[in-house]
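Below you'll find the structure, written out as structure tokens, and then a few comments.
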Amino acid sequence: PNVQTYSCVSSSCRIQQCNPGRGDCNGNYMDGCETNTDTSVSNCGMCGNVCTVANGTPTCTTGSCRVNTCNTGFRDCNMSATDGCETNITNDAANCNGCGLACSRPFAVGTCMNSTCNFVCQPGRVDLDGNPTNGCEYGCTAMGSDMPDLAFGDGDCDGIDGNASAAIFVAKNGNDSN
């Protein structure tokens, strides 16, 4: 069964060639071409070709090794079975919690820890408004305390000259009864 060509030499028969997608991987003439090399993970494409996948589980499809599933925390981002599930999505800032999910914000350096993006502002930049879409939008280098001065310098990088939590704002044309 599943044998394309037999041969007999000195009263000993053997399988000379199996049908495509089949293999005599155990070398036993009696059971013919017993292995389906199109689907066998331990004989994928030909006898003895074992499929392995780094950080995952392999499968054999039409005689080619492929990634079946990835271990928890890993993904096959480049879709190549040769390096398996190559991406650790728990700590890769370019692929945080999924392929291509980069931790990036303007003027910030992104990191990935436990599949969660975190950001650190670049030197001289501050996330003043807490809006993640514009990142570290405020250009400022903290120099300690910030007393109001005629140069209107922002020494504590809170967005105003002086301390924002102690500031009182008034309008020139305001109403004193308000």
Side-chain angles (χ1 to χ4, degrees), residues 1-139 157:
N2 300 310
V3 176
Q4 188 169 336
T5 309
Y6 293 93
S7 68
C8 293
V9 177
S10 301
S11 299
S12 177
C13 291
R14 64 183 177 102
I15 297 171
Q16 189 170 346
Q17 184 177 2
C18 294
N19 287 331
R22 304 298 298 184
D24 179 23
C25 297
N26 67 4
N28 182 352
Y29 165 77
M30 297 301 289
D31 60 3
C33 298
E34 82 292 342
T35 303
N36 182 343
T37 57
D38 280 345
T39 60
S40 171
V41 174
S42 55
N43 298 286
C44 189
M46 63 182 178
C47 294
N49 186 35
V50 179
C51 290
T52 58
V53 170
N55 305 309
T57 305
T59 188
C60 179
T61 306
T62 61
S64 295
C65 292
R66 302 193 194 296
V67 174
N68 185 33
T69 58
C70 291
N71 295 346
T72 301
F74 289 89
R75 295 290 182 277
D76 181 18
C77 291
N78 66 5
M79 304 304 287
S80 172
T82 57
D83 59 0
C85 302
E86 80 290 348
T87 304
N88 183 338
I89 62 168
T90 65
N91 64 11
D92 183 347
N95 301 284
C96 191
N97 203 32
C99 296
L101 300 177
C103 298
S104 64
R105 289 187 180 162
F107 307 109
V109 176
T111 61
C112 180
M113 188 179 344
N114 298 321
S115 299
T116 302
C117 285
N118 297 295
F119 302 92
V120 175
C121 290
Q122 294 173 349
R125 303 302 297 196
V126 177
D127 182 10
L128 190 60
D129 64 4
N131 180 351
T133 59
N134 64 3
C136 301
E137 78 287 351
Y138 186 54
C157 297

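- Asn49 contributes atom CG, which lies 10.0 Å from atom OG1 of Thr37 (distance to the nearest 0.5 angstrom).
- Here the straight-line distance linking atom CD of Glu34 with atom SG of Cys18 works out to 7.5 Å at 0.5 Å rounding.
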### Task
Could you check Cys33 against Asn19 for side-chain contact (heavy atoms from CB on, under 4.5 Å), going step by step and ending with a plain yes or no?
CA-CA 8 Å; Cys33 298; Asn19 287 331; over 6 Å; no

### Task
Could you give me the CA-CA distance, side-chain angles and deciding distance for Asp24 and Cys47, then say whether side-chain contact (heavy atoms from CB on, under 4.5 Å) is met?
CA-CA 7 Å; Asp24 179 23; Cys47 294; 5.7 Å; no

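- The SG atoms of Cys44 and Cys60 lie less than 2.5 Å from each other.
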Sequence neighbours left out, cut at 3.5 Å: what donor-acceptor pairs do the side chains of residues 114-127 make with other protein atoms?
{"unit_1": "Ser115", "atom_1": "OG", "unit_2": "Ile89", "atom_2": "O", "d": "3.4"}
{"unit_1": "Thr116", "atom_1": "OG1", "unit_2": "Asn114", "atom_2": "O", "d": "3.4"}
{"unit_1": "Asn118", "atom_1": "ND2", "unit_2": "Thr116", "atom_2": "O", "d": "3.4"}
{"unit_1": "Arg125", "atom_1": "NE", "unit_2": "Cys136", "atom_2": "O", "d": "3.1"}
{"unit_1": "Arg125", "atom_1": "NH2", "unit_2": "Cys136", "atom_2": "O", "d": "3.4"}
{"unit_1": "Arg125", "atom_1": "NH2", "unit_2": "Glu137", "atom_2": "O", "d": "2.9"}
{"unit_1": "Asp127", "atom_1": "OD1", "unit_2": "Gly130", "atom_2": "N", "d": "3.0"}

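- When side chains are defined from C-beta on, Asn55 does not count as touching Cys70, because their heavy atoms never get closer than 4.5 Å.
- Of all non-hydrogen atoms in Thr133 and Asn131, the two that sit nearest each other are OG1-OD1, 2.7 Å.
- Of all the heavy atoms in Ala81 and Cys65, the pair that sits closest is CB-O, 3.4 Å.
- Annotation: the span from Tyr138 atom OH to Leu128 atom CG amounts to 6.5 Å, rounded to 0.5 Å.
- At a threshold of 4.5 Å between non-hydrogen side-chain atoms, the residues Arg22 and Thr35 do not count as touching.
- Considering every non-hydrogen atom in both Thr59 and Cys51, the closest pair reads O-SG, 4.1 Å.
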Side-chain atoms of residues 93-112: list all donor-acceptor pairs with protein atoms under 3.5 Å, sequence neighbours left out, distances to 0.1 Å.
{"unit_1": "Asn95", "atom_1": "OD1", "unit_2": "Gly100", "atom_2": "N", "d": "2.6"}
{"unit_1": "Asn95", "atom_1": "ND2", "unit_2": "Asp92", "atom_2": "OD2", "d": "3.1"}

### Task
Output, in order, the C-alpha distance, side-chain angles, deciding distance and verdict of side-chain contact (heavy atoms from CB on, under 4.5 Å) for Cys85 and Asn71.
CA-CA 8 Å; Cys85 302; Asn71 295 346; over 6 Å; no

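- In this structure, Asn43 contributes its side chain and Gly48 its backbone to a donor-acceptor pair below 3.5 Å.
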### Task
Apply side-chain contact (heavy atoms from CB on, under 4.5 Å) to Asp76 and Glu86, showing your working.
CA-CA 6 Å; Asp76 181 18; Glu86 80 290 348; 3.2 Å; yes

